[in-house]
Number of protein chains: 2
Amino acid sequence: MSLKHAVLIVLQFEDGTGYEIAKWFDQGMGYFWHASHQQVYLELGKMAQAGLVTFTAVEQIGKPAKKIYHLTDQGLAELKGWMLKPAKQFALKDELLMKVYSGHLIPPQDLLDQILKHQTDYRELLNKFKQIEEQWFQDVENLPLPHQYSYLTLRNGIGYAKAWLEWCDEVITFLKGQIGKQPSI
Amino acid sequence: MSLKHAVLIVLQFEDGTGYEIAKWFDQGMGYFWHASHQQVYLELGKMAQAGLVTFTAVEQIGKPAKKIYHLTDQGLAELKGWMLKPAKQFALKDELLMKVYSGHLIPPQDLLDQILKHQTDYRELLNKFKQIEEQWFQDVENLPLPHQYSYLTLRNGIGYAKAWLEWCDEVITFLKGQIGKQPSI
DNA sequence: AGCTACATGTAAGGAGTTACATGATTAT
DNA sequence: ATAATCATGTAACTCCTTACATGTAGCT
């Protein structure tokens with residue numbers, strides 16, 4: 001159950017509403033942990049009951065009232081305790097790999113179309129990551145420590161996207177060969 | 001709901017029992033799709049009801065009776081239909097990245113221990129993949145087509161493991177620097 | 001008139017994990 | 001003796017997705 005810990009991590013950086021926390025999981029942090037706003041609101045409710053977080057209700061003019069959540073000592077202790085426990089092993093769930101695995105079932109052109117689409121997505125992701133790197137992490141060693149750690153996860157994203165791009169190239173080359181061999185489908 | 005399609009893929013390769021199908025998800029195919037035996041048995045039950053698979057009950061001497069499942073035409077049609085639909089976007093869920101992201105919360109040595117452990121795991125994975133490559137895919141172009149496709153997924157695994165290994169090196173270098181800076185924790 | 005951002009949630013259902021339950025055979 | 005392999009499943013629970021539900025402000 002790591003959504004809890006993901007939320008604790010966000011709140012350890014700064015207090016925020018459920019809405020704001022959900023945005024973290026849609027943007028930057030979403031690269032390695034995603035959650036919908038529904039999940040976040042539910043989880044925050046449970047966490048408040050468990051005493052890991054508390055909130056301050058804030059009335060607003062012209063906007064819905066909001067709850068600003070913040071970490072309790074107990075929440076921080078829970079987070080630190082979790083940090084020290086060994087992380088779960090990698091576990092991919094990737095539909096594209098499944099489709100390639102049984103790629104012989106459909107015409108190579110159809111699979112190629114899908115791979116090309118995914119390659120475009122990975123290329124865009126890589127460009128986005130690289131742009132963030134250039135814009136914010138030129139002088140990494142002089143940034144605050146938490147930023148230096150978050151930079152490491154960005155580096156992971158860059159390596160990950162590159163590896164996928166290269167693999168897509170391999171698959172594309174193979175599929176083009178297949179299409180050349182059987183042009184009459 | 002892709003467990004269904006993963007099971008269809010396995011059965012499209014060869015008929016098998018729930019036990020045997022579950023092994024695929026623990027071994028080779030487990031690299032990109034994992035499922036427990038409990039999940040598999042449940043799913044097979046649903047799939048049989050839906051007419052995607054049928055089974056032959058086989059009594060055995062000295063072993064429990066078993067059900068050998070096989071694809072129906074409807075099952076194959078479902079699989080091919082799914083193959084043609086666009087695959088879901090990549091979505092990681094990685095605890096290790098979460099821990100690095102908030103690495104400043106614990107002493108660098110503790111994080112380093114975890115990274116080293118994971119690097120060892122990825123190194124073993126890479127070695128396993130490379131060994132499979134050498135043993136079975138020396139002469140890829142002359143293998144049956146399905147094997148050529150499965151080789152592509154192995155290539156993905158190799159690229160993936162390499163990318164993680166390199167990233168682990170980056171993190172290790174950084175953490176050793178951190179440990180050097182604050183030797184008094 | 002329609003879209004995006006802000007801001008909160010409930011409900012139903014599907015997917016996945018962990019624990020429980022059984023029992024023979026073969027290898028160490 | 002103990003563990004692994006073969007072989008099946010149920011039950012409880014947690015986790016995640018999709019759909020529903022509401023309402024203002026500002027931009028195009």
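Remember, it's a predicted structure, so these values are computed and weren't measured experimentally. Proteins come first, then strands; the chains are lettered A, B, ... in the order of their sequence lines, and each starts at number 1.
- Counting any heavy atom pair closer than 4.0 Å across all strands shown, A:Lys23 reaches sugar-phosphate atoms only and no base atom.
- If you check every strand for non-hydrogen atoms under 4.0 Å, B:Ala35 touches nothing.
- Between B:Glu134 and B:Gln138, the side chains place no donor N or O within less than 3.5 Å of an acceptor N or O (distance only, hydrogens not considered).
- Counting only heavy atoms from C-beta on, A:Lys93 has its side chain closest to C:dG16 among D:dA7, C:dG16, C:dT17.
- Side chains of A:His5 and A:Glu78: a donor on one and an acceptor on the other come within 3.5 Å.
- A:Gln38 comes within 4.0 angstrom of a nucleotide base, judged by non-hydrogen atoms across all strands.
- Applying the 4.0 Å criterion to OP1 and OP2 of D:dT8, one finds that B:Tyr41 has a side-chain N or O inside that range.
- Aromatic pair A:Tyr151/B:Phe174: ring centres not closer than 6.0 Å.
- Between the CD atom of B:Glu43 and the C1' atom of D:dT10 there is a distance of 16 Å, given to the nearest Å.
- If you check the side chains of A:His104 and B:Gln148, you find no donor sitting under 3.5 Å from an acceptor.
- The interatomic distance linking B:Glu59 (CD) with D:dC6 (C1') rounds to 15 Å, in whole Å.
- Within the structure, a side-chain polar atom (N or O) of B:Lys67 is placed less than 4.0 Å from OP1 or OP2 of D:dG9.
- Residue B:Trp33 has its side chain nearest to C:dG16 when only C:dT10, C:dG16, D:dA7 are considered.
- If you measure from atom CD of A:Gln39 to atom C1' of C:dT10, you get 15 Å, rounded to the nearest angstrom.
- Atom NE2 of B:His37 and atom P of D:dC6 are 14 Å apart (whole Å).
- The phosphate of C:dC6 (OP1 or OP2) has a side-chain N or O of A:Tyr19 nearer than 4.0 angstrom.
- At C:dA7, one or more side-chain N or O atoms of A:Gln60 fall inside 4.0 Å of OP1 or OP2 (strictly under the cut-off).
- For C:dA7, the OP1/OP2 oxygens have a side-chain nitrogen or oxygen of A:Lys66 closer than 4.0 Å.
- Rounded to whole angstrom, the span from the OH atom of A:Tyr69 across to the P atom of C:dA7 amounts to 14 Å.
- Regarding contacts with the backbone of D:dT8, a side-chain N or O of B:Thr17 is found under 4.0 angstrom from either OP1 or OP2.
- One can place NZ of A:Lys63 at 18 Å from P of C:dT4, the figure rounded to the nearest angstrom.
- What separates CD of A:Glu20 from C1' of C:dA5 is a distance of 12 Å, to the nearest Å.
- Among the protein residues, A:Ser36 comes within range of the nucleic acid bases, having at least one heavy atom under 4.0 Å from a base atom.
- Atom CZ of A:Phe55 is separated from atom P of C:dA7 by 16 Å (rounded to the nearest Å).
- At the heavy-atom level, B:Gly45 lies nowhere under 4.0 Å from the strands shown.
- Note on A:Lys4: nothing from the nucleic acid sits closer than 4.0 angstrom, heavy atoms only.
- Using a 4.0 Å cut-off, no side-chain N or O of B:Lys46 falls inside it from OP1 or OP2 of C:dG14.
- The residue among B:Gly18 and B:Lys88 whose nearest nucleotide of DNA chain D is located toward the 5' end is B:Gly18.
- For the residue pair A:Asp169 and A:Gln119, a side-chain donor N or O sits within less than 3.5 Å of a side-chain acceptor on the partner.
- Residues B:Gln109 and B:Asp113 bring a donor and an acceptor atom of their side chains to less than 3.5 Å of each other.
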